[in-house]
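Everything below concerns the one structure shown next.
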Amino acid sequence: MGRIVLEQVTKSFGETQVIPPLDLTIEDGEFAVFVGPSGCGKSTLLRLIAGLEDTTSGKVLIDDEDMTSVSPSKRGLAMVFQSYALYPHMTVRKNIAFPMRMAGMSEEEQNKRIEAAAASLNLTDYLDRKPGQLSGGQRQRVAIGRAIVRDPSAFLFDEPLSNLDAALRVGMRLEITEMHERMQTTMIYVTHDQVEAMTMANKIVVLQAGVIEQVGSPLELYHKPRNKFVAGFIGSPKMNLIEGAEANKHGAETIGIRPEHVTASKTSGLWQGTVGVAEHLGSDTFVHVHGIEGCDPMTVRAAGDATFKHGEEIFLTPDETQLHKFDTAGLRIE
Amino acid sequence: MGRIVLEQVTKSFGETQVIPPLDLTIEDGEFAVFVGPSGCGKSTLLRLIAGLEDTTSGKVLIDDEDMTSVSPSKRGLAMVFQSYALYPHMTVRKNIAFPMRMAGMSEEEQNKRIEAAAASLNLTDYLDRKPGQLSGGQRQRVAIGRAIVRDPSAFLFDEPLSNLDAALRVGMRLEITEMHERMQTTMIYVTHDQVEAMTMANKIVVLQAGVIEQVGSPLELYHKPRNKFVAGFIGSPKMNLIEGAEANKHGAETIGIRPEHVTASKTSGLWQGTVGVAEHLGSDTFVHVHGIEGCDPMTVRAAGDATFKHGEEIFLTPDETQLHKFDTAGLRIE
Amino acid sequence: MAIVAQSSKYGQFSRTLLAWIVGLLFFFPIFWLVLTSFKTDADAVKPEFLFFFTPTLENYTNMTDNYDYWRFATNSVITSVFATIFALAVGIPCAYSMAFNPTRATKDVLMWMLSTKMLPAAAVLYPMTFLTKSLGLFDTHFMVILVLCLINLPIVIWMLFTYFKEIPKEIIEAGQMDGVNTWGEIKEILIPLAWGGIASTALLCFIFCWNEAYWTVRLTTTDAATLSKLIEGNRAPEGLFFGRLSAVSAAAVGPIIVLGWFCQKQLVQGLSFGAVK
Amino acid sequence: DGHAKELTIAIVNNGHMINMQKVAEAYTEETGVKLNWVSLEEGVLREQVTSDTATGGGQYDVINIGMQEAPIWGAAGWIEALEFGAEYDADDILPAIRAGLSHEGTMYAAPFYGESSMVMYRKDLTDAAGVTIADNDSWDNVKAAAAAMHNPDAGVYGACLRGKPGWGDNMAFVTTMVNSFGGAWFDADFKPTINSDEWKAAINFYVDLLGNYGPPGSEGNSFNEILALYNEGKCGMWIDATIAASFLEVDGVAYAQSPNAGNPVGANWLWAWAMAVPTGTDNTDEAKAFIEWATSKEYVQAVGNHPDFGWAKVPTGQRSSTYALPEFQAVAGFAAAEMAAIESAAPEATDLKPYVGVQFAAIPEFPEVGSAVAQEIAAALSGAKSVDEALAASQAAAESIMTEAGY
Amino acid sequence: MSNRTLPRLLQSPAVVLLLIWMLVPLSMTLYFSFIRYVLNNLRKPEWMTPALSNWRGFGNYEFVLKSKDFIFAIQNSLLIVCSILFLTVILGVLIAVLINKSFPGQGIVRVLLISPFFVMPAVNAVLWINMILDPVLGLQGIAVGSINDLVDGLRAAPGVGWFFSLWPELTPISFRATQTSAYAVIIMVTWQWTPFAILIFMTSLQSEDQQQKEAAILDGASTWSQFRFLTLPHLGRPIAIVVMIQAIFHLSLYAEIEIVSRGNGNKNLPYLIGEFANNNIGAASATGIFAVILANIVAIFLLRIVGKTLME
Ligand SMILES: Nc1ncnc2c1ncn2[C@@H]1O[C@H](COP(=O)(O)OP(=O)(O)OP(=O)(O)O)[C@@H](O)[C@H]1O
Ligand SMILES: Nc1ncnc2c1ncn2[C@@H]1O[C@H](COP(=O)(O)OP(=O)(O)OP(=O)(O)O)[C@@H](O)[C@H]1O
Ligand SMILES: [Mg+2]
Ligand SMILES: [Mg+2]
């Protein structure tokens with residue numbers, strides 16, 4: 001169980017309102033990801049749910065119970081902090097045992113759960129180490145272990161992978177996804193990483209300045225961004241936004257086309273430009289094209305073996321079916 | 001000028017030899033990138049060149065002069081540290097002026113160069129701030145500014161972008177690349193970021209445990225990795241390595257195929273497997289396929305709108321021209 | 001924060017009250033000392049005049065009449081200031097060297113330095129007296145400064161060391177890449193960067209110098225005698241003495257307490273001895 | 001002109017010496033000799049002067065020393081023999097004092113002021129209690145008087161006596177008491193005799209008297225503390241230095257010669273703070289000249305006539321001529337008692353005690369022995385040890401120290 | 001190697017100075033400890049000048065070992081140092097936690113609390129033993145007297161008098177007695193050094209990781225559990241530093257011991273040295289050597305506990 005509902009929640013620090021009135025429902029068992037630019041209120045929202053911050057107004061319901069003024073320890077949620085917040089002087093075993101010890105669980109039960117958690121997180125060999133002797137990924141797993149032994153009704157993750165190196169991130173990403181599939185517990189996950197958001201979420205919540213811009217499944221957001229902000233924010237490299245005559249042709253103020261939906265050719269195409277920097281990644285080549293009206297530079301994805309050179313002429317053809325149209329208010333036009 | 005040659009350089013910390021005898025030449029004007037797993041000795045190598053560590057044995061030549069026991073301040077190199085290492089008590093202007101002041105340059109000349117550097121790095125408005133008041137990207141640029149005013153014979157960069165967020169990284173990456181094009185000064189750049197290495201380098205040096213595994217241009221490494229280690233290390237997601245019968249068919253101990261060189265189909269293909277996790281990034285879908293002999297899971301890149309579902313059957317066909325073969329020692333077979 | 005908000009008004013109030021009580025209790029003896037210094041000797045021991053009495057400056061005028069308070073005070077200032085400066089002058093390069101160019105022995109050297117502070121002064125009184133006399137340095141500012149500097153040097157070095165350790169090594173290395181020599185590293189980078197730490201170290205060293213009472217009493221007669229010696233001469237004057245004693249004491253500790261108050265923030269850092277990590 | 005213009009003088013921080021700083025301004029004016037004063041607490045002064053003198057001197061030109069040191073230091077050649085002209089009238093110095101400051105007939109230190117001990121009691125309280133205290137009364141009588149006056153509820157304690165450990169503190173009083181019980185520090189072979197029956201009797205009596213009829217915390221009291229208590233009206237009687245009399249501010253004080261258990265050595269101590277010239281100084285002549293002035297009859301006149309001080313503040317106990325001065329007699333009710341006490345003290349070595357000194361022994365080892373015993377007596381007074389234990393420990397410590405010193 | 005020589009040499013002035021400062025007097029002390037050397041002796045004037053002809057071997061050491069207060073001085077020294085450490089650490093932690101969160105007047109309370117640290121040791125001792133702890137004239141005596149008077153008065157009061165007549169008469173405690181003088185020193189030094197502990201703990205508390213606390217709150221830890229399991233361990237290193245620094249300072253207490261009771265019931269090796277140094281420099285020197293040995297034992301012991309954490 002773990003259905004979380006925010007009703008007209010607001011939060012102000014002193015005079016500044018960081019979260020204007022906000023409604024949000026996260027269903028039981030969902031994997032919700034909060035994304036948004038730095039400072040938009042993702043962490044604040046998470047902390048409001050956890051009870052680490054008091055709401056300025058509005059209600060927080062967990063499983064339909066009003067938890068707004070219940071202390072964090074009584075909400076039955078578990079949180080994994082960006083900095084892990086492990087207890088540095090305790091061994092891994094003691095770290096994981098801590099919430100159970102606080103709950104007065106029997107030694108036996110504690111040990112059983114520790115063993116189980118350690119096994120599932122591949123930590124069995126490290127149970128007697130202290131956090132200082134662990135690698136980033138291992139610490140991350142200990143933090144998760146400490147969270148799962150409590151059978152929380154929901155997990156809250158605040159950018160848990162941002163301290164890890166690329167290889168580890170990929171691994172941990174898969175592990176958390178698998179864990180979710182196995183436990184089917186509600187998870188709320190804050191990240192600023194595109195790939196994490198797209199691959200892990202059932203539901204992505206895009207925030208800007210405390211306001212929810214769009215809620216939806218990853219592909220919904222990718223294919224049908226509600227406005228220019230979401231369009232630009234989801235997808236990497238960013239969607240190319242084209243203004244002016246070209247957009248008006250399509251009856252819109254702005255049109256958008258993702259780099260992967262433009263075909264580049266040396267010979268012919270709809271638009272003509274010159275090659276700027278061409279970034280060869282091996283698997284793909286990202287070509288930055290200058291001279292296209294209303295969008296400079298336009299980024300285009302070409303094959304890994306593409307041979308566009310700086311200064312060459314290039315012809316681009318968008319996939320018309322993948323065109324996004326936005327009105328003067330920046331909202332999507334269907 | 002800035003030709004850097006390492007001759008039989010070794011480095012030990014106490015008993016452990018971190019760099020076994022190593023030879024390396026970096027030509028004048030080259031952009032060399034060092035990559036390798038964490039702890040492989042990239043930073044150590046850079047610091048040996050800079051003179052911040054003493055070599056245990058061997059010689060460091062800069063422009064054919066033996067600099068092995070010359071102090072760092074006399075080697076004429078400039079270094080940009082991962083943590084920027086700006087002088088926090090000095091304004092941006094003073095930070096940039098510092099090396100010139102130490103060299104006893106005239107005030108006038110100093111100011112001229114500071115203005116020039118600031119203009120080219122877009123720092124003119126921040127000259128009177130202290131580093132604490134700057135954003136990460138601006139600090140980064142100050143660190144570069146401090147380096148360029150000296151006309152060093154080479155620049156050394158130690159993971160300069162790893163502290164920045166994704167959007168800034170892309171920008172800074174382009175700036176450094178452009179700077180190199182403009183100045184044509186030798187640059188040595190340490191990173192663990194695939195994209196940086198591939199897009200910036202003239203020459204990539206792949207290190208493992210202090211040993212150079214391969215030196216070459218980015219596409220050379222991508223297309224012709226000298227051994228299994230390089231094959232696995234260059235490219236993202238990793239190359240799939242297949243062992244056993246399938247490999248033997250091609251007269252090799254192991255064969256490798258990159259995810260982007262496998263075509264997935266629901267109906268027919270060379271290999272058959274079941275879909276594990278399918279990661280939908282929008283632009284692409286990475287499908288992890290189980291059940292292929294000799295390689296589990298095999299990762300495959302499919303189009304963004306591919307609709308493979310967990311547990312479905314899937315057929316894969318490799319692009320035979322992109323197959324990599326390795327012998328028992330893990331070396332490439334042409 | 002939520003946690004604060006949840007603790008009740010009552011808890012907050014009782015915590016404040018308790019904190020004030022503890023603070024006042026700790027300060028009370030000093031308050032008492034100062035209060036007593038304004039009482040006549042006779043009033044000082046009378047229960048009926050505990051808090052209500054006719055204040056008098058008699059004790060202070062007596063003190064300045066009979067003793068050359070200002071000479072003692074000047075000597076205290078001179079010796080403490082110069083000892084602190086010398087200790088920093090020797091300590092900064094040493095701590096720099098240990099923090100940024102450590103050898104395997106560094107830790108042991110540091111600990112050895114600290115252990116020299118455990119050497120009981122009384123054990124070397126006679127050797128020291130012989131030495132200073134034969135060098136003709138007895139009762140000179142120089143000797144007092146030297147001794148104060150040396151007894152505080154281990155603490156100074158340790159404190160500076162813990163500070164310098166906090167400076168990222170890369171900044172020093174960046175300096176090397178930018179072409180500074182060793183002296184430049186210290187002067188241009190280390191000192192400005194660690195300025196706060198150096199200031200608080202200096203402050204603590206100054207306090208210890210000011211309060212030092214073994215050597216300053218025993219290696220001086222008149223020329224270099226500090227306030228400690230004034231206290232030594234007055235800590236049991238003949239007769240009824242609480243008032244007089246308090247005045248001398250207050251005059252001796254007053255300057256340093258006031259200095260301490262003003263530099264409180266600075267000192268807090270200094271005292272941490274790298275304990276904050 | 002080759003003459004020293006400066007003298008450094010170490011003085012004990014007592015009233016008379018502090019006053020001397022002012023009185024001597026005239027001396028500076030007259031002779032042009034600048035005087036640097038270093039005033040120190042007794043113990044620190046002793047330590048400083050000892051270490052200076054023992055390491056060759058040179059720091060001080062004139063030092064304050066007591067009767068314990070003068071003869072020994074004279075014998076060791078640390079201080080100069082003092083011989084002054086006829087005008088100085090050395091014979092005017094009280095003979096007991098002069099004897100105590102001499103070694104083999106040569107005076108090594110000139111007395112600045114001298115003192116003995118006597119009983120200072122509150123006549124109003126004894127009258128109220130219906131008891132009397134006579135000159136050289138018996139100890140039992142004294143105890144009875146103390147008991148009669150003792151009324152802690154009213155804040156009055158029968159007897160205030162020194163208890164603070166130190167050979168010059170509690171032992172000064174205790175030694176006179178032991179003397180009066182017929183005991184001594186050493187026998188003719190300089191073997192300590194602290195475990196003798198006389199000691200036991202004396203110490204038992206002392207602990208009993210002070211423990212029962214003394215103020216709380218007596219083991220921390222010495223001259224200063226008791227003076228404060230006395231002036232607060234908290235003491236029925238006080239047996240201490242005669243100099244105390246000049247500080248007493250309460251009404252109804254009467255004086256009596258110290259109690260005695262019938263021993264011929266007498267129960268009065270004898271002490272003088274004297275001035276001496278260390279041999280290490282370069283300014284011997286000027287230093288001697290200064291001492292000659294400071295311990296002269298004119299000095300007494302100078303104090304008496306000084307606007308800040310007057311006759312009540314002249315140093316006493318050094319010269320008989322002082323006691324003959326009518327101005328002095330007019331203000332000093334205790335003069336007669338003091339003089340009698342000083343004259344009855346006998347510092348010379350006798351069959352009963354082989355050493356010079358009344359409440360101390362003028363040998364270099366005495367301070368060490370005295371301090372060790374002083375702590376034991378204080379322990380006995382606090383009840384941490386029985387008297388027998390304390391004396392046994394004292395004897396053992398004293399024997400060890402004396403053996404160590406080659407006796 | 002090459003580049004490091006000068007920077008490494010920079011520590012030599014300090015090292016050399018401290019070496020001289022330690023070695024020269026110490027070797028003289030060592031020399032004195034093996035000869036007969038007294039300041040004054042009427043029977044053996046030859047002992048009055050330090051000379052090899054007065055060589056005595058371990059005689060001084062034997063004398064010191066057998067002297068009555070040697071063992072006591074060591075025990076007592078450890079007692080007072082340990083008690084002071086114990087009290088300052090406990091009080092320091094409690095008060096630091098108490099004043100860590102902001103409250104009205106926090107700055108002033110902090111100033112009040114740290115003031116004792118600036119007081120000269122001699123003033124501290126004189127102030128406490130005379131003006132506060134004295135059983136008659138000090139505040140203790142005055143307070144006890146006043147309470148007794150008050151109770152006395154109430155005894156006579158009608159109605160409640162019987163209740164007060166059950167109260168015992170309070171007697172003031174003498175803090176200069178053999179049994180109590182060590183406590184007086186412990187009290188006054190604790191007063192002076194608790195502020196030091198408070199300061200260090202306070203800075204350390206401010207760097208406590210807030211997220212750890214939040215994690216603990218979510219884990220259901222009570223305020224006490226947070227203190228016990230997070231704050232206390234966090235203070236481990238600062239406690240180590242407080243213990244170490246204070247041990248260094250308190251092993252050589254001198255003025256306090258002298259002023260409180262002149263060594264009666266309360267002594268340490270430095271004080272014992274001072275007593276011997278009245279005349280017997282040989283014995284004082286031998287005691288000094290013992291003190292150096294003791295100090296080094298303590299130092300090694302302390303380093304074992306705290307050394308590791310200090311260098312990080
Ligand atoms: N305790 C606080 N007091 C005042 N303002 C705060 C406080 N905590 C957060 N804020 C402000 O609230 C806004 C939202 O902060 P929040 O930490 O939720 O951002 P975020 O989305 O998590 O950003 P990031 O991706 O950088 O972590 C920011 O503008 C921040 O400055
Ligand atoms: N001062 C040192 N003393 C001992 N070992 C060291 C020291 N510095 C580095 N090493 C070791 O040398 C090896 C190489 O370190 P180096 O810092 O060069 O790695 P790197 O390739 O830069 O790794 P990363 O990508 O994590 O920065 C590591 O195993 C490291 O532990
Ligand atoms: Mg955040
Ligand atoms: Mg590195």
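Here the structure is a predicted model, which means the values were calculated and not measured. Here is the naming used below: chain letters follow the sequence lines, and residue numbers restart at 1 for every chain.
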Exercise. Which region of B:Leu219, side chain (C-beta onward) or backbone (N, CA, C, O), has a non-hydrogen atom less than 4.5 Å from a non-hydrogen atom of chain A, or is it both or neither?
Worked result: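 Only the side chain of B:Leu219 comes within 4.5 Å of chain A.
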Problem set entry | Contact class of B:Leu174 relative to chain A, heavy atoms under 4.5 angstrom |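 Looking at B:Leu174, just its side chain touches chain A.
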Problem set entry | Contacting region of A:Val195 [heavy-atom separation from chain B under 4.5 Å] |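 Contact with chain B involves both backbone and side-chain atoms of A:Val195.
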Compile a table of inter-chain donor-acceptor pairs under 3.5 Å between chain A and chain B, counting both main-chain and side-chain atoms.
unit_1	atom_1	unit_2	atom_2	d
A:Arg173	NH2	B:Glu279	OE1	3.1
A:Arg173	NH2	B:Glu279	OE2	3.2
A:Tyr222	OH	B:Gly282	O	3.3
A:Tyr222	OH	B:Ser283	N	3.2
A:Glu279	OE1	B:Arg173	NH2	3.0
A:Glu279	OE2	B:Arg173	NE	3.4
A:Glu279	OE2	B:Arg173	NH2	2.9
A:Gly282	O	B:Tyr222	OH	3.4
A:Ser283	N	B:Tyr222	OH	3.2
A:Asp284	OD1	B:Arg301	NH1	3.1
A:Asp284	OD1	B:Arg301	NH2	2.6
A:Asp284	OD2	B:Arg301	NH1	2.6
A:Arg301	NH1	B:Asp284	OD1	3.0
A:Arg301	NH1	B:Asp284	OD2	2.6
A:Arg301	NH2	B:Asp284	OD1	2.6

